[in-house]
A.B. asks: 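The structure's right below; bear with me while I get my questions together.
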Amino acid sequence: MKIIGLVGNNADFSYNRLLLQFMAQQFTTDVTIEVQEIKELPLFNESTAQPAPACVVALAQKIDAADGVVIATPEYDHSIPASLKNCLEWLSFAAHPFTDKPVMVVGVSLGQQGTSFAQTQLREILNSPGLNAHVLSGNQFMMGFAKQQFSEDGQLTDARTLKFLTQCFATFQQFIQAHQVMPVE
């Protein structure tokens with residue numbers, strides 16, 4: 001099973017990137033997670049969007065070829081980052097790789113609340129026309145207090161957090177498998 005892990009911001013250091021990298025190392029049985037960045041995407045402007053930049057086309061092709069996508073979003077001002085919204089604008093305009101694609105939303109934050117507002121907003125966006133993703137309901141992995149959750153070498157240190165992440169990801173794998181056997185209309 002091939003999964004794209006989409007880093008939902010353009011920061012040089014990101015706990016969300018660290019989470020995806022950890023997942024790529026941790027979940028290797030019958031799964032490959034390829035972490036993808038959105039740093040290089042130019043600002044979306046519909047009037048100058050044709051043809052789509054090569055970096056947008058390449059990302060769309062990777063998502064299209066994947067069995068599923070895990071999007072790791074931070075939360076800025078109760079919302080997703082502008083860079084993630086920009087990425088989704090490009091993909092909904094240029095190629096539509098999320099159409100009927102299984103998607104899991106995860107998020108890490110420095111504070112207590114995790115990324116609950118951003119995840120809710122991201123789910124709504126992913127269900128919009130132009131994206132039409134199949135977003136895994138429930139199993140929302142929101143990790144707060146990121147600095148205390150990761151070791152110096154990028155490993156999750158809390159056994160309960162790791163157990164919950166493992167359960168959520170196993171459910172996502174089942175979601176992908178169920179999606180693969182669903183009849184296409």
Side-chain angles (χ1 to χ4, degrees), residues 1-11 14 16-17 19-20 23-24 32-109 114-142 168-169 171-173 175-180 182-185:
M1 186 177 296
K2 182 173 173 63
I3 296 173
I4 296 297
L6 195 61
V7 179
N9 66 357
N10 57 2
S14 167
N16 287 281
R17 179 181 300 108
L19 175 63
L20 289 174
M23 291 174 71
T32 301
I33 300 175
E34 181 182 345
V35 178
Q36 288 291 301
E37 299 286 344
I38 61 173
K39 288 180 175 187
E40 303 303 319
L41 301 181
L43 187 60
F44 177 76
N45 181 338
E46 187 173 356
S47 56
T48 60
Q50 291 296 338
C55 57
V56 172
V57 173
L59 180 59
Q61 289 171 342
K62 287 184 180 218
I63 290 170
D64 194 46
D67 297 305
V69 178
V70 177
I71 301 176
T73 182
E75 183 171 298
Y76 299 159
D77 300 322
H78 291 185
S79 182
I80 65 172
S83 56
L84 179 55
K85 181 67 167 104
N86 181 64
C87 172
L88 296 172
E89 291 292 336
W90 270 116
L91 294 172
S92 71
F93 181 82
H96 310 286
F98 281 104
T99 300
D100 297 326
K101 184 72 62 182
V103 176
M104 177 182 184
V105 177
V106 299
V108 180
S109 73
T115 57
S116 60
F117 291 108
Q119 286 197 29
T120 298
Q121 184 186 52
L122 180 55
R123 289 170 181 282
E124 290 176 13
I125 293 167
L126 289 167
N127 286 319
S128 67
L131 286 167
N132 299 312
H134 286 182
V135 184
L136 176 66
S137 62
N139 296 283
Q140 287 130 318
F141 183 80
M142 298 175 226
C168 290
F169 190 70
T171 301
F172 183 55
Q173 289 175 279
F175 181 68
I176 291 172
Q177 290 168 344
H179 183 271
Q180 290 172 337
M182 286 181 1
V184 179
E185 295 177 14

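Keep in mind that the numbers below use all heavy atoms, side chains included, and drop hydrogens, waters and symmetry copies.
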A.B. asks: Shortest non-hydrogen contact from F98 to L6?
C.D. replies: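 Closest pair (atom of F98, atom of L6, distance): CZ-CD2, 4.4 Å.
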A.B. asks: Just checking Q50: does its CD atom have more than 12 heavy atoms from other residues, nucleotides or ligands closer to it than 6.0 angstrom?
C.D. replies: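 More than 12 within 6.0 Å, yes.
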A.B. asks: Pairs in or reaching into residues 66-92: which pass salt bridge (Lys or Arg N to Asp or Glu O under 4.0 Å), with residues at least two apart or in two chains?
C.D. replies: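 Every salt bridge (Lys or Arg N to Asp or Glu O under 4.0 Å) pair that includes a residue of residues 66-92, provided the two are not neighbours, is K85-E89.
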A.B. asks: Considering all heavy atoms of both residues, which atom of I125 and which atom of S128 are nearest to each other, and what is their separation?
C.D. replies: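 Heavy atoms only, the tightest pair is O-OG, 2.6 Å.
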A.B. asks: Look up atom SG in C87 and atom CD1 in I38, then write down how far apart they are to the nearest 0.5 Å.
C.D. replies: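 Reported value, rounded in 0.5 Å steps: 5.0 Å.
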A.B. asks: Look only at the side chain of N16 and the backbone of V7, and say whether a donor-acceptor pair between them is shorter than 3.5 Å.
C.D. replies: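 Here the side-chain-to-backbone pair does not exist.
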A.B. asks: Test L122 against T115 for side-chain contact (heavy atoms from CB on, under 4.5 Å), laying out the working first.
C.D. replies: CA-CA 10 Å; L122 180 55; T115 57; over 6 Å; no
A.B. asks: Quick one: does any side-chain atom of H134 pair with a main-chain N or O of I176 as donor and acceptor, under 3.5 Å?
C.D. replies: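 Side chain of H134 to backbone of I176: no pair is present.
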A.B. asks: Do side-chain atoms of K101 reach the backbone of I63 as a donor and acceptor pair under 3.5 angstrom?
C.D. replies: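 Judged by distance alone, yes, a pair lies under 3.5 Å.
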A.B. asks: Heavy atoms only: give me the nearest A118-S79 pair and the separation to one decimal.
C.D. replies: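 Minimum heavy-atom separation between A118 and S79: CB-O, 3.6 Å.
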A.B. asks: Report the distance from atom CG of N127 to atom CG of N132, rounding to the nearest 0.5 Å.
C.D. replies: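 Separation between the atoms: 8.0 Å.
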A.B. asks: Do Q119 and T73 have side chains that approach each other closer than 4.5 Å (heavy atoms only, starting at C-beta)?
C.D. replies: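 Result yes, sub-4.5 Å side-chain heavy-atom pair found.
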A.B. asks: Once rounded to the nearest 0.5 Å, what's the spacing between atom SG of C168 and atom CZ of F175?
C.D. replies: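 That separation rounds to 13.5 Å.
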A.B. asks: Could you check if a side-chain atom of V106 sits within less than 4.5 angstrom of a side-chain atom of L19, using non-hydrogen atoms only?
C.D. replies: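 They are in contact (side-chain heavy atoms under 4.5 Å apart), so the answer is yes.
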A.B. asks: From Q36 CD over to L20 CG, what is the distance, rounded to the nearest 0.5 angstrom?
C.D. replies: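 Q36 atom CD to L20 atom CG measures 10.5 Å (nearest 0.5 Å).
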A.B. asks: Which is it for V56 and F93 under the side-chain contact (heavy atoms from CB on, under 4.5 Å) test, yes or no, and what are the steps along the way?
C.D. replies: CA-CA 10 Å; V56 172; F93 181 82; over 6 Å; no
A.B. asks: Looking at L136, is its backbone amide N or carbonyl O close enough to the side chain of R123 to form a donor-acceptor pair, meaning the two atoms are under 3.5 Å apart?
C.D. replies: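 Pair found, side chain donor or acceptor close to backbone of L136.
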A.B. asks: For A11, is there any backbone N or O sitting under 3.5 Å from a side-chain donor or acceptor partner on R17?
C.D. replies: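 Here the side-chain-to-backbone pair exists.
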A.B. asks: Roughly how far, to the nearest 0.5 Å, is OG1 of T32 from CD1 of I3?
C.D. replies: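 Between I3 CD1 and T32 OG1, I get 8.5 Å after rounding to 0.5 Å.
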A.B. asks: Given the rule in the side-chain contact (heavy atoms from CB on, under 4.5 Å) test, do W90 and L59 qualify, once you have shown the distances and angles that lead to the verdict?
C.D. replies: CA-CA 10 Å; W90 270 116; L59 180 59; over 6 Å; no
A.B. asks: Looking at N86 and P42, what are the two nearest heavy atoms and their distance?
C.D. replies: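 So the minimum-distance heavy-atom pair works out to ND2-O, 2.9 Å.
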A.B. asks: Look up atom SG in C55 and atom CD in E37, then write down how far apart they are to the nearest 0.5 Å.
C.D. replies: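 Result: 12.5 Å between the selected atoms.
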A.B. asks: List the steps and the verdict of side-chain contact (heavy atoms from CB on, under 4.5 Å) for L88 and L126.
C.D. replies: CA-CA 8 Å; L88 296 172; L126 289 167; 4.2 Å; yes
A.B. asks: Which pair of heavy atoms, one from L91 and one from P97, lies closest together, and at what distance?
C.D. replies: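 In terms of heavy atoms, the two residues are closest at O-CD, 3.5 Å.
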A.B. asks: Tell me whether E40 at atom CD has more than 12 heavy atoms from other residues, nucleotides or ligands lying less than 6.0 Å away.
C.D. replies: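 Result for CD/E40: open.
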A.B. asks: Kindly give the heavy-atom pair with the smallest separation between N9 and P74, and that separation in Å.
C.D. replies: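 Closest heavy-atom pair between N9 and P74: ND2-CG, 3.6 Å.
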